[in-house]
**Q** 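I'd like to ask some things about the structure below.
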Amino acid sequence: MKLLLIHANYMEYEVKKATKIAEKIDEDQKSKSIEEPLVVFTAVEKGDDEDVVDKAVKEIRDTAEKVGAKRVVIYPYAHLSSNLSSPDLAVKLLKLMEAKLLDFEVYRAPFGWYKAFRISCKGHPLSELSREIKSDKESAKEDKELTQALKDEEKVKSFWYILHAGKLYNINEFDFSEYPKLKKFADYEMSKRRAVDRTPPHVELMRRLQIADYEDASDSGHMRYYPKGRLIKSLLEDFVTRKCIEYGAMEVETPIMYSREHPTLRRYLERFPARQYIIKGDKREFFLRFAACFGQFLMCSDAVITYKNLPLKIYELTRYSFRKEQRGELVGLRRLRAFTMPDMHTLTKDMEQAKNEFINQYRLSVETLRAIGLNPEDYEVAIRITRDFYEENREFINSISNILGKPILIEMWDRRFFYFVLKFEFNFVDALDKASALSTVQIDVENAERYDISYVGEDGKKRRPYILHCSASGAIERCIYALLEKAHIDMENGKLPMLPVWLSPVQVRIIPVSEKFLGYAVNIAERMNASLIRVDVDDRDETLGKKIRDASTEWIPYIAVVGEKEVEKRKLAVTIRSESTLKSQKKTEMSVEELIERIRVECGNMPFKPLPLPLKLSERPSFR
RNA sequence: GCCGCCGUGGCUCAGCUGGCAGAGCGGGUGACUUGUAAUCACCAGGUCGCGGGUUCAAAUCCCGCCGGCGGCUCCA
């Protein structure tokens, strides 16, 4: 039940027209004028009962006493709620409310009529109050779930270890001297603070390179992507999707919004209030998904699955997932409110199979990041685990540390308070020593039950699967963040920053020495273009030095100059960025075919998309 | 959400003890036709984030809001 309490100088109303749900009324109820009332605008909601009325009456009584009102007007006002009860129940409860306030001079405006009203609010501090009242049953239930979840989190204590070469070290006993980045990561995880007073480098880079930018007209944490940014993002999206499909996942698509009232989803949401975007539909309210779990679990719940189908993998690239993070938490491409995440779920028949998949997906994540341009030395591994699960699976956990051969930060909990017993993350540590998770896999022991997902076993009986959640790369935007931060770190170490060639928006820039060679340059560009190379031509009326400089500040991997000599020899004068430094540039002569071949080898079988920009620089707008 | 700092042409910033709104880059035009990280000249471009207040006068001082950054909190 929702109440809006107004202490007024007077209140007048007059019925105009009956609706279908109008209650029958006498002539003298059709209009009223009341002096010095406490007006109670009231909306009766689903689930309200006599208990709620009692509480509402108590609120009204308290307020009336405080403001010194002797008259009460109960005024049905549907607009206070989007979750109204049936009209019958509403009338019943409103009448009950009236009956319980008989020691006041009480008026009840008729239900179900269009009414005109006039009110004069007194305007003192207590003259306008709103109240939300829930039945004990309901609020007790919600309170219990909420407080239980919060209590669990409070009570849970983390124990920290380092796992290296199959041995578990207490965090204090481990010698970090050879692993400074792991030390930074562990510090960050355990203390969660860092003294920095600088804009993260990737924010500046994403804007300067015309990849992405803030969009003031949207909510914070929703970015705009310029053509180059969209290209990079799109290549990454395609790559990760392909990787998961090759791994055996079935790609699906599920809605981005779900009813708040759905029985399965509701409990989940109540644990995390105010974390999601709410959308008003015609009748119901919806929340925007924060991952693909909902859609995929609901799909699995309805599917007929047997042990022969397991492990069963389904995949979706969520463009977008929405999380209404607190404002102070948002940073550039690192932490967003709308982001794109590959989300794969694997149903497994038992823990053996789940563990097996866990290891496979660990390897899948390593490969995925490596292809994107993030190597194991660029991230730190964390494993989060319940103590029980660790004790029962010591050998298995120890074996994980051998896959990459580098030490792993372990966070161990005495009891399970999330839905998983085990998860790993690959955490990127950025130029400002902040860590954020990229790839992750979790073993979920709870949601099969919650969503009623089952498979038929060999004995014909229904069983609950264990479910793995896997994001092989983590959020796509976050991968771009990591690549930009990595490039910045390279720059600080005296290297020329760049993106992997397959992700570079422009792979080759052709610069004619003068106007005379423009036709020749365009000709070569068209040939390369036909060979699936992203190439452009700097046809602007600028000096050669200026053009070289501009190409360099755009991080273009290959700069090819053509002039008289090149035309004669049918070669290109190519500057290779990856082998150059700011002081000395690596220049070499190559034929067009050699350059094409070099890039083709470098990009292997990574996805390719054509340049989404005009071939000639002079025809290209600047988005900044 | 709380605390602190910031918001001036497209970009980076100066101006801020109140007194005519500036520079460099970028853009346009012209000259030059160029050999590996910024060619020269001229021109255009601004409700100083938004709203209110103080004042003869506000980019400048005060209040509120919006946005960004950092810290705290948080991160299913």
**Q** For A:Ile548 and B:rA38, give me the distance from atom CD1 to atom P, rounded to whole Å.
**A** 10 Å
**Q** Looking at A:Glu285 and A:Arg260, is there a salt bridge between them, counting it only when a charged N and a carboxylate O are closer than 4.0 Å?
**A**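 Looking at A:Glu285 together with A:Arg260, the answer is yes, because their closest N to O distance falls below 4.0 Å.
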**Q** What is the nucleic acid contact for A:Arg335, judged by heavy atoms within less than 4.0 Å: base, sugar-phosphate only, or nothing?
**A** base
**Q** Which is true for A:Gly563 with a 4.0 Å heavy-atom rule: it touches a base, it touches only sugar-phosphate, or it touches nothing?
**A** base
**Q** Taking the basic N atoms (NZ, or NE/NH1/NH2) and the acidic carboxylate oxygens, is any pair closer than 4.0 Å for A:Asp378 and A:Lys486?
**A**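 A:Lys486 and A:Asp378: salt-bridged.
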**Q** Can you measure A:Arg334 atom CZ to B:rG68 atom P for me and round it to whole angstrom units?
**A**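 Checked: the CZ to P distance equals 15 Å.
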**Q** Side chain of A:Tyr419: nearest nucleotide among B:rA76, B:rG68, B:rG70?
**A**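 My answer, after comparing the listed nucleotides, is B:rA76.
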**Q** Specify the residue among A:Arg577 and A:Ser218 whose closest nucleotide of RNA chain B lies further upstream toward the 5′ end.
**A**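 Looking at RNA chain B, the more 5' nearest nucleotide goes with A:Arg577.
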**Q** Are the ring centres of A:His469 and A:Phe297 closer than 6.0 Å?
**A**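 Yes, the ring of A:His469 comes within the 6.0 Å limit of the ring of A:Phe297, centre to centre.
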**Q** For B:rC13 versus B:rA21, give the span between their C1' atoms, rounded off to a whole number of Å.
**A** 14 Å
**Q** If you measure from the C1' atom in B:rC6 to the same atom in B:rG49, how many Å do you get, rounded?
**A** 11 Å
**Q** Return yes when atom CD of A:Glu593 has more than 12 non-hydrogen atoms of other residues, nucleotides or ligands closer than 6.0 Å, and no otherwise.
**A** yes
**Q** Categorize A:Lys565 for me: base, sugar-phosphate, or nothing, with a 4.0 angstrom heavy-atom threshold over every strand shown.
**A**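 Base contact.
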**Q** Students often get this wrong, so: under 4.0 angstrom with heavy atoms, is A:Leu582 touching a base, only sugar-phosphate, or nothing?
**A** base
**Q** Students often get this wrong, so: under 4.0 angstrom with heavy atoms, is A:Val203 touching a base, only sugar-phosphate, or nothing?
**A**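 The residue A:Val203 makes no contact with any strand.
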**Q** Tell me what A:Ala437 touches on the nucleic acid: a base, only sugar-phosphate, or nothing, going by heavy atoms under 4.0 Å.
**A** nothing
**Q** What is the distance from atom NE2 of A:His202 to atom CD1 of A:Ile480, rounded to the nearest 0.5 Å?
**A**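 So the gap between those two atoms works out to 10.0 Å.
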**Q** Need the pair for B:rG22. Rule: Watson-Crick or G-U wobble, both distances under 3.5 Å, any strand; none if unpaired.
**A** B:rC13
**Q** Please confirm whether the shortest side-chain N or O distance from A:Thr543 to OP1 or OP2 of B:rU39 is below 4.0 Å.
**A** yes
**Q** Identify which nucleotide among B:rU73, B:rG70, B:rU34 has an atom closest to any side-chain atom of A:Lys434, counting heavy atoms from C-beta outward.
**A**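 Of all the options, the side chain of A:Lys434 is nearest to B:rG70.
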**Q** What's the closest nucleotide to the side chain of A:Pro200 if the choices are B:rA76, B:rC69, B:rA38?
**A** B:rC69
**Q** What interatomic distance, in whole Å, is found between P of B:rC50 and the corresponding atom of B:rC2?
**A**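 Each nucleotide's P atom is 24 Å from the other's.
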**Q** Any donor-acceptor pair under 3.5 Å joining the side chain of A:Arg323 to the base of B:rC75?
**A**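 Checked by distance alone, the answer is no.
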**Q** Please confirm whether A:Phe290 and A:Tyr277 have ring centers closer than 6.0 angstrom.
**A** no
**Q** Just how far is it from atom CD of A:Glu589 to atom CG of A:Leu595, taken to the nearest 0.5 Å?
**A**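 Separation between the atoms: 13.0 Å.
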**Q** Is A:Leu496 touching bases, backbone alone, or none of the nucleic acid, heavy atoms closer than 4.0 Å?
**A** base
**Q** Can you tell me how far P of B:rG68 sits from CG of A:Leu333, to the nearest Å?
**A**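 Checked: the CG to P distance equals 13 Å.
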**Q** Looking at A:Lys547 and A:Glu542, does any basic side-chain N land under 4.0 Å from a carboxylate oxygen?
**A** no
**Q** Between A:Ser220 and B:rG68, is there a contact of a side-chain N or O with OP1 or OP2 at under 4.0 Å?
**A**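 Checking A:Ser220 against B:rG68: at least one side-chain N or O falls below 4.0 Å of OP1 or OP2.
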**Q** Please tell me which of A:Arg337 and A:Thr553 maps to the more 5' nucleotide of RNA chain B, matching each residue to the nucleotide holding its nearest heavy atom.
**A** A:Arg337
**Q** For the base of B:rG1, is there a side-chain donor-acceptor partner from A:Glu329 under 3.5 Å away?
**A**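 For A:Glu329, whose side chain was compared with the base of B:rG1, there is no donor-acceptor pair (under 3.5 Å).
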**Q** Please give, in whole Å, the distance from B:rU36 P to A:Lys547 NZ?
**A**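 In whole Å, B:rU36 P and A:Lys547 NZ are 14 Å from each other.
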**Q** With a non-hydrogen cut-off below 4.0 angstrom, is A:Glu566 in contact with a base, only sugar-phosphate, or nothing?
**A**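 Base: the residue A:Glu566, judged by heavy atoms under 4.0 Å, touches a nucleobase.
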**Q** Between B:rU60 and B:rU54, how far is it from one C1' atom to the other, in whole Å?
**A**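 It comes out at 13 Å once rounded to the nearest Å.
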**Q** Looking at A:Tyr258 versus A:Phe294, is the centre-to-centre ring distance below 6.0 Å?
**A** yes
**Q** Between P on B:rC66 and CG on A:Asp219, what's the gap in Å once rounded to a whole number?
**A** 12 Å
**Q** Between A:Phe424 and A:Tyr362, does the ring centroid distance fall short of 6.0 Å?
**A**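 Centroid distance A:Phe424-A:Tyr362: below 6.0 Å, so yes.
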**Q** Of the options B:rG1, B:rA37, B:rA76, whose atoms approach the side-chain atoms of A:Gln326 most closely?
**A** B:rG1
**Q** Can you tell me how far C1' in B:rG70 sits from the matching atom in B:rG26, rounded to whole Å?
**A** 30 Å
**Q** Quickly work out the A:Glu564 CD to B:rG35 P distance and round it to whole Å.
**A** 12 Å
**Q** List every contact pair, protein side and nucleotides 25-32 of chain B side both N or O, where the distance is under 3.5 Å.
**A**
| from | atom 1 | to | atom 2 | distance (Å) |
| --- | --- | --- | --- | --- |
| B:rG26 | OP1 | A:Lys546 | NZ | 2.7 |
| B:rC32 | N4 | A:Asp541 | OD1 | 3.4 |
| B:rC32 | N4 | A:Asp541 | OD2 | 2.5 |

**Q** Just how far, in rounded Å, is P of B:rG68 from CE of A:Met206?
**A**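 That distance rounds to 10 Å.
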